[in-house]
Structure formats: structure tokens, C-alpha cells
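Everything below concerns the one structure shown next.
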Amino acid sequence: MSLVIAAPAPITIPVAGGGSFPVRRIYCVGRNYEEHAKEMGFTGREPPFFFMKPADAIVNVAEGTIGEIPYPAGTSNLHYEIELVAAIGIGGANIKAADAMKHVWGYAVGLDMTRRDLQGVAKKEGRPWEIGKAFDQSAPIGPIVPAAAAGNPGNAAITLSVNGQMKQSSSTSKLIWSIAESIEHLTTYWRLEPGDLIFTGTPEGVGAVVSGDLMEGAVAGVGSLKVKVR
């Protein structure tokens, strides 16, 4: 059957060492570090919850280069959130945590950019978060590193600085829900498929950036990410 309009270009992310990873969906784990949960006004090990971003929110940033994103419309409080991203290579539903890591193809460093003021209004009024989380170019990401070459992503330093000043510094070992546990919970509600990404959560220290600011994030063993707001 012929298409009545041109099909959109596929969304892909370069893979370290060659090739491209096709993106299907982007899932994000909310409040998955205890200290970040506290700075957002919550405490404790609450059940995991998820939100989504569209695949075309991806902004590819090659290792060693500086990517750019525009300051988005409708906000005066744009926040950074540095995250470890898991890339799914094998799909499945009702995946148990003990088996979950077999489904992970690789890892990347990502930014979950957030229109915090709009997200705050949505929370207060019981509305969906898309306006605060799922806007254009809200998911800058570095190359995907195959799992075998990614060190120990379950216990890796995760950091972000703005204009050379450290803002976020933690370890992925402090995830409330590990990557495997997040996959177990996620797949009780959605079937994962090859090409899905999971943004696993951000540590404490989130804050605002303005036009001209340079964000530099890293996850040890996975890579680094430099993004400037224009």
C-alpha cells in the first residue's frame, strides 16, 4: 500500500565502534535516586513509576563534540537531569529481574531536559507530564556503548557540571530501583521491544540552565556528553 505522505526518517543513535541503534520508544523512570526524590519533596522507596518521551526528542551528540539544544518555548525554568540510559536489544513482557540484563544491548549517557515550571503546574493540577518532559529536543544522548564494553554500569560514577561547576555527583549504585528491577516493573505494564530506551533516573543536584550554558555529563565506563543551550 502506498503512503499518502512521506514517511518520517527513522530515529537512530550512533553506536560506539560503528553502526546505528534504531529507536522505538523512550521510557523514563521517575524519582529513582533517594536524594533526588527528597529534593523533589518525596522520601522513601516508593513503587517505581514511568513516563515517556517521543523518539524524535533525541538529539545525537558525538563523543568529544558539543551538541546544541534551543531554549524551549513556554518555560522560564529549564532543568538538566543527567541519566544512565539502557538500550534494549531483546524484547519481552513480564521479564523477571534475574533475567533482565540479558535484554540490555548497551548503554549511553543521556539528559532528561525538563520544563520544571510546566511540570510543576501539571503535578499540581493532576495533569499528564508531557508538556514538561516530552518536548522537542528534550533528550540529548551520546553514542550507545555495547554492554560488554560498558564497564560496570550498575556501580558507576555519574556526574554533571554546568559551565565547569559540578552540580550532580553520585553513583548508579544508589538507584532506588536497579536497572534489572526497573525492567521487571516496566514489563508488567508494557512489552519491551528491540530499540526501546530506558532513562534510569537522575541523582540529586538538578537545577536550571539558561541560554549560553554548557552542560558536561558523564557515566564512568559509558562515556561523556557535552551540550550547550543556545
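Sequential numbering from 1 along the given sequence is applied to the chain's residues. Just so it is clear, the structure is predicted and the values come from calculations on it, not from any experiment.
With sequence neighbours excluded, no residue satisfies salt bridge (Lys or Arg N to Asp or Glu O under 4.0 Å) with Glu63. Checked against side chain to side chain contact (heavy atoms under 4.5 Å, CB included), Asp117 has the following partners two or more places apart in sequence or in another chain: Thr75, Ser76, Asn77, Arg115. Qualifying side chain to side chain contact (heavy atoms under 4.5 Å, CB included) partners for Ala62, counting only residues two or more places apart in sequence or in other chains: Thr65. Shown here are the ring-ring contact (aromatic ring centres under 6.0 Å, His included) partners of Tyr71, two or more places apart in sequence or in another chain: there are none. In this structure, the side chain to side chain contact (heavy atoms under 4.5 Å, CB included) partners of Ile90, at least two apart in sequence or on a different chain, are His103.
Taking every heavy atom of both residues into account, Val104 and Ala86 meet most closely at CG1-CB, 4.3 Å. Residue Gly91 comes nearest to Pro194 through the heavy atom pair N-CD, 3.8 Å, listed as atom of the first residue, atom of the second, then distance. Taking both residues in full, the closest heavy atoms of Arg31 and Trp129 are given as NH1-CH2, 4.4 Å, listed atom of the first, atom of the second, then distance.
The shortest side-chain heavy-atom distance between Trp105 and Ile88 does not fall under the 4.5 Å cut-off. Between His79 and Val209, every side-chain heavy-atom pair lies at or beyond the 4.5 Å cut-off. Taking the side chain as every heavy atom from C-beta outward, Met113 and Leu78 approach each other to under 4.5 Å. By the 4.5 Å heavy-atom criterion applied to side chains, Lys228 and Arg230 are not counted as neighbours. Using a 4.5 Å heavy-atom threshold, the side chains of Met166 and Thr159 count as touching. Two residues are said to be in side-chain contact when any heavy atoms from C-beta on lie closer than 4.5 Å; Arg25 and Trp190 meet this criterion. Looking at heavy atoms from C-beta onward, Ile82 lies in side-chain contact with Pro203 at the 4.5 angstrom threshold. Side-chain contact between Ile179 and Met101 is present, with at least one heavy-atom pair separated by less than 4.5 Å.
Considering CD of Glu181 and NE2 of His185, their distance stands at 6.5 Å, rounded to 0.5 Å. Distance check, rounded to the nearest 0.5 Å: OG of Ser182 to CD1 of Ile95 gives 12.0 Å. Thr200 OG1 to Tyr27 OH: the interatomic distance, rounded to the nearest 0.5 Å, is 16.0 Å. Separating the CG atom in Asp213 from the CG atom in Asn163 is a distance of 4.5 Å, to the nearest 0.5 Å. The OG atom of Ser171 lies 10.5 Å from the CG atom of Leu84; values are rounded to the nearest 0.5 Å. Note that CG of Leu186 is 5.0 Å distant from CG of Leu192, once rounded to the nearest 0.5 Å.
Results of the side chain to side chain contact (heavy atoms under 4.5 Å, CB included) test with Ser20 over Asn60, Thr12, Val15, Ile13 single out Thr12 as the only residue that passes.
In the displayed structure, Ile11 atom CD1 is contacted under 6.0 Å by more than 12 heavy atoms of other residues, nucleotides or ligands.
The pair Lys96-Asp99 fails the salt-bridge criterion, with no side-chain N (NZ, NE, NH1 or NH2) lying under 4.0 Å from an Asp/Glu carboxylate O. Look at Asp196 and Arg24 and you find a salt bridge, because one of the NZ, NE, NH1 or NH2 atoms lies within 4.0 Å of a carboxylate O, short of that distance.
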Q | Test side chain to side chain contact (heavy atoms under 4.5 Å, CB included) applied to Ile26 and Phe199, step by step | A | CA-CA 7 Å; Ile26 302 174; Phe199 278 61; 3.6 Å; yes
Q: Any chance you could lay out the side chain to side chain contact (heavy atoms under 4.5 Å, CB included) test for Thr172 and Tyr107, step after step, and finish with the verdict?
A: CA-CA 13 Å; Thr172 58; Tyr107 300 91; over 6 Å; no
Q: With side-chain hydrogen bond (donor to acceptor under 3.5 Å, both in side chains) as the test, would you mind laying out the steps for Gln168 and Thr202 before giving the verdict?
A: CA-CA 9 Å; Gln168 294 183 275; Thr202 196; 2.8 Å; yes
Q: Dump the intermediate steps for side chain to side chain contact (heavy atoms under 4.5 Å, CB included) on Leu160 and Leu111, then the final yes or no.
A: CA-CA 10 Å; Leu160 183 129; Leu111 278 167; 3.5 Å; yes
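Taking the six-membered ring where the residue is Trp, the centroids of Trp177 and Phe49 are separated by 6.0 Å or more.
When hydrophobic clusters are built by joining Ile, Leu, Val, Met, Phe, Trp and Tyr residues whose side-chain heavy atoms come closer than 4.5 Å, directly or via intermediates, Val85 is not grouped with Val219.
Of the possible donor and acceptor atoms, none in the side chain of Glu83 sits under 3.5 Å from a partner among the backbone N and O of Gly110.
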Tell me which donor-acceptor pairs under 3.5 Å the side chains of residues 133-148 have, and how far apart each pair is, sequence neighbours excluded?
unit_1: Lys133; atom_1: NZ; unit_2: Glu81; atom_2: OE1; d: 3.4
unit_1: Lys133; atom_1: NZ; unit_2: Glu81; atom_2: OE2; d: 3.3
unit_1: Lys133; atom_1: NZ; unit_2: Asp112; atom_2: OD2; d: 2.7
unit_1: Lys133; atom_1: NZ; unit_2: Thr114; atom_2: OG1; d: 2.8
unit_1: Ser138; atom_1: OG; unit_2: Lys53; atom_2: NZ; d: 3.2
unit_1: Ser138; atom_1: OG; unit_2: Lys133; atom_2: O; d: 3.2
unit_1: Ser138; atom_1: OG; unit_2: Phe135; atom_2: O; d: 2.8

